[in-house]
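All values below were derived from every heavy atom in this structure, side-chain atoms included, with hydrogens, water molecules and symmetry-related copies excluded. These numbers come from a predicted model, not from an experiment. Sequence positions, counted from 1, serve as the residue numbers for this chain.
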Amino acid sequence: MIPLNKANERYRNDKGCLFEGIVGQFLKNQSFTVKERVRDVGSEIDLLCSNDLSGDIAVVECKTQTEALLSSVVNKLHTDVSLHDAHVGWIFSISDLGREAEGRLKKLNEKGGKETFRHFSPSTLVGHLLNISALIEPAVVHQNAPNEKYLCIF
């Protein structure tokens, strides 16, 4: 359970842990071995993953802030990918990239000549989770039913 009071000191940590768990489970279903919260040389990586089939290493940042992500998130990812000799760096978030962060991500990929860095938006992640049946779209009866959908995690 995540405390709804944003002033609660556990709010950010609990929200982040829950999101990291969802992303970690998604990646495990994609044949990755996932290590959570890897601390190294004054930095923390949310998820450090190794593909069980290819051996490729992925550095994953999970962001639960509601504001657009800044370029500093992309810069940190770039540094962590380099320090860990990873093949790819991914950002999963519940918000979109800011314009500068999006430009930075694009420039890093152009410089490397391949898509090393990638952002998974909330709609992309939910789409992937629906495709692998990790989430199921609720059947909503349209008689006097609310127009909103809620994400329930069990």
Item to check | Under 4.5 Å side-chain linkage, directly or through intermediates, the cluster mates of L48 | outcome: V38, I45, I57, V59, L69, V73, V74, L77, V81, I91, L97, L105, L108, F117
Next on the checklist: Restricting to non-hydrogen atoms, name the atom on G24 and the atom on V34 that form the minimum distance, rounded to 0.1 Å.
Outcome noted: O-CG2, 3.8 Å
Item to check | From R37 atom CZ to C62 atom SG, the distance as rounded to the nearest 0.5 Å | outcome: 9.5 Å
Item to check | Donor-acceptor under 3.5 Å (N109 side chain, T116 main chain) | outcome: yes
Checklist entry - When you look at D46 and V60, which way does the side-chain contact (heavy atoms from CB on, under 4.5 Å) test go after all the steps? => result CA-CA 6 Å; D46 293 334; V60 179; 5.8 Å; no
Item to check | Crowding at CD, E44 (>12 non-hydrogen neighbours, <6.0 Å) | outcome: yes
Checklist entry - Between V88 and R118, is a side-chain contact (heavy atoms from CB on, under 4.5 Å) present by the stated rule, with each step listed? => result CA-CA 8 Å; V88 293; R118 185 165 176 204; over 6 Å; no
Checklist entry - Is a side-chain donor or acceptor of S121 paired with a backbone partner of D96 at a separation under 3.5 angstrom? => result no
Checklist entry - Just how far is it from atom CD of E20 to atom CD of E36, taken to the nearest 0.5 Å? => result 6.5 Å
Item to check | H87 backbone acceptor or donor facing D56 side chain under 3.5 Å | outcome: no
Next on the checklist: If you count every heavy atom of other residues, nucleotides or ligands that lies below 6.0 Å from K28 atom NZ, does the total exceed 12?
Outcome noted: yes
Next on the checklist: Taking the ring centre of each residue, are F26 and W90 less than 6.0 Å apart?
Outcome noted: no
Next on the checklist: Using the rule that Ile, Leu, Val, Met, Phe, Trp and Tyr join whenever any side-chain heavy atoms are under 4.5 Å apart, tell me whether I94 and L47 fall into a single cluster.
Outcome noted: yes
Next on the checklist: If we ignore hydrogens and angles and just use 3.5 Å, is the side chain of S95 paired with the main-chain N or O of Q65 as donor and acceptor?
Outcome noted: yes
Checklist outcome for this item: OG (S71) and NZ (K107) are apart, to the nearest 0.5 Å, by 12.0 Å
Next on the checklist: For the NE2 atom of H128 and the CG atom of L27, what is their distance to the nearest 0.5 Å?
Outcome noted: 10.0 Å
Checklist entry - What are the two closest heavy atoms between G55 and S50, and how far apart are they? => result O-OG, 4.1 Å
Next on the checklist: Would you compute the distance between atom CD of Q30 and atom CD of Q25 and round it to the nearest 0.5 angstrom?
Outcome noted: 10.5 Å
Checklist entry - Atom CG of L130 and atom CG of L125: how far apart are they, to the nearest 0.5 Å? => result 9.5 Å
